[in-house]
J.: 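Got a structure for you, questions after.
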Amino acid sequence: MKKSTLFLFFSILFFMAGCSQQSHKETISGIPDPKTLNETYVSNPDQLLDPETVSDLNAKLSTLDQAGIAHIDVVFVKTIGELVPKEVAHELFNTWKIGSKETNNGLLILIVQDQKRIEFETGYGLEGVLPDIICYRIQQQYMIPYARLNDFNSAVTRGVNAVVSHLTSNPAPNLTDTAGMGSTELTITPPESLQSLTDMDSMYSSKEPGDIYSLILAIIYFIISIITGIALSKKASLRILIILFIFTAPVLSVVQLNLDHPVSWHNIRALLVAYTFLLIYTHIHIFLLSWISASSFKVGTQHEQYLKRRNTFAAMEWLTKVFAFPFLWLFWKKHQATLEALRYENINCEHCGTLMTLTSEDKDDEFLSKGQAKEEEIFSIDYDVWVCKDCELNKILDYSNLKSKARECKFCHFTTSLFSRRETIEQATTSNPGYGYDYFVCANCGKETKKQFIIAKISTSGSSSSSGSSSGSSSSSSGGSSGGGGAGSSW
Ligand SMILES: [Zn+2]
Ligand SMILES: [Zn+2]
């Protein structure tokens, strides 16, 4: 059960990862690198920009590049499927190695029409002069208003102009002709004065379409984590800790992830679908199993029933916690109550039928052998001693601890053999496996036993040859890399 569930879980994950990887590669390689297009700076595969705009941009960006100020590539595509624009921008930047290797002065402007998204990806060297907040303001002020009117030629041209003028420390481009566009809201601010707290506010309060879904998701998750915390722990203080941890861990990691690789609603949806599927699967599996085994659980003595029931579900404890809702936590509670009853309730004397009494743990040692007492001492087996008051008959029941690492000793046959040390005799090489021995010492009789272990051959498939021969592009600047700097805006 444990194995099959794990297998299923991972196959689904790998399947999903494989799918997205495939379309990812295809999309990225489907966008032409402007450097390969006759040393230009604009990738316009879907002809969304006019030829005049493209040649205009090329002239301007070439001058900027020759001057060593920045290498700016503009990419305008109709669609990238369900991929995240920020991720694609980051990948294109690093695949094309935009900007010079020395100064890392690359900037990629990616516009995705169907997702209504503009992304700036900056090289390390530009992050200082062109911080994220400036990128964001340039998009908001000079590009988004035109994109909303489907005037992409103006959006791109004005965006590039604003970046160029910022980089060359000129005042902002003349925007007087925007008055006639209906978006008179545009405030013309010199780029230098952009950095203020109010800018940060507007950056973080901008509403994205995914926000409402994330909010609903967060509320659902919050409720689930509270109920899980209550189900998992009886102690109030521990419960609060569990709830806090379950609630904050993913929030923090998503926030952290979002900084470098934005998590899209698509990714969250895929995870939710996988989780829901596994949730239903484990519920059905565990309920079917308990239904099928119901009759076999009623065969034998209480002690035998206890062991059979416990061992059947022992490996599933973690599943009932990970997939606690809606019913598995209840199932586990009931399961444990049943076990408790089987172990501690109504044991009758086989001889006279009287109800027997359980001897307390500290007094039961007189009924146990030295080996059994040792097993109790090292927690490998717990013994319950039941005594009949009428005929003084006693009954010793063993409850092995499934979490104990102790093994049965070959000499005295008590479960008191414990690992003591590991000795490697021969190291593995690329041609031969190695081996060694694990030594165990019995806590009861003191005798030592050993068990051989094998070390797998050292794999050689890991070393790969480096490719890295460039296509001989003669671009003046190539070799830049980006650490994920830049900003994005939706229209
Ligand atoms: Zn009796
Ligand atoms: Zn022994």
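Residues take their numbers from the sequence shown, with the count starting at 1. Atoms within each ligand, like the ligands themselves, are counted from 1 in listed order.
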J.: Is H351 close enough to the Zn ion (ligand 1) to have an N, O or S atom under 2.8 Å?
T.: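 No.
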J.: Just checking: H413, one of its N/O/S atoms, less than 2.8 Å away from the Zn ion (ligand 2), yes or no?
T.: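 Checking the Zn ion (ligand 2) against H413, no N, O or S atom falls under 2.8 Å.
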J.: So with a 6.0 Å cut-off around OH of Y275, is the heavy-atom count from everything else above 12?
T.: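 For Y275, atom OH is crowded (more than 12 foreign heavy atoms under 6.0 Å).
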J.: State plainly whether the residues K321 and E317 are in salt-bridge range, i.e. N to O under 4.0 Å.
T.: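 So K321 pairs with E317 through a salt bridge.
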J.: If the Zn ion (ligand 1) is the vertex, what is the angle to SG of C391 and SG of C349, rounded to 10 degrees?
T.: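 About 110°, to the nearest ten degrees.
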J.: How open is the angle at the Zn ion (ligand 2) from atom SG of C442 over to atom SG of C445, rounded to 10 degrees?
T.: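 Rounded to 10°, it measures 100°.
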J.: Using atom types as modelled and distance alone, determine if a side-chain donor or acceptor of K457 lies under 3.5 Å from a backbone N or O of T429.
T.: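 Such a contact is absent between K457 side chain and T429 backbone.
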J.: Under 6.0 Å from the ring centre and within 45 degrees of the ring axis: does the NZ or CZ of K450 meet both conditions for the six-membered ring of Y439?
T.: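 No, K450 does not sit over the ring of Y439.
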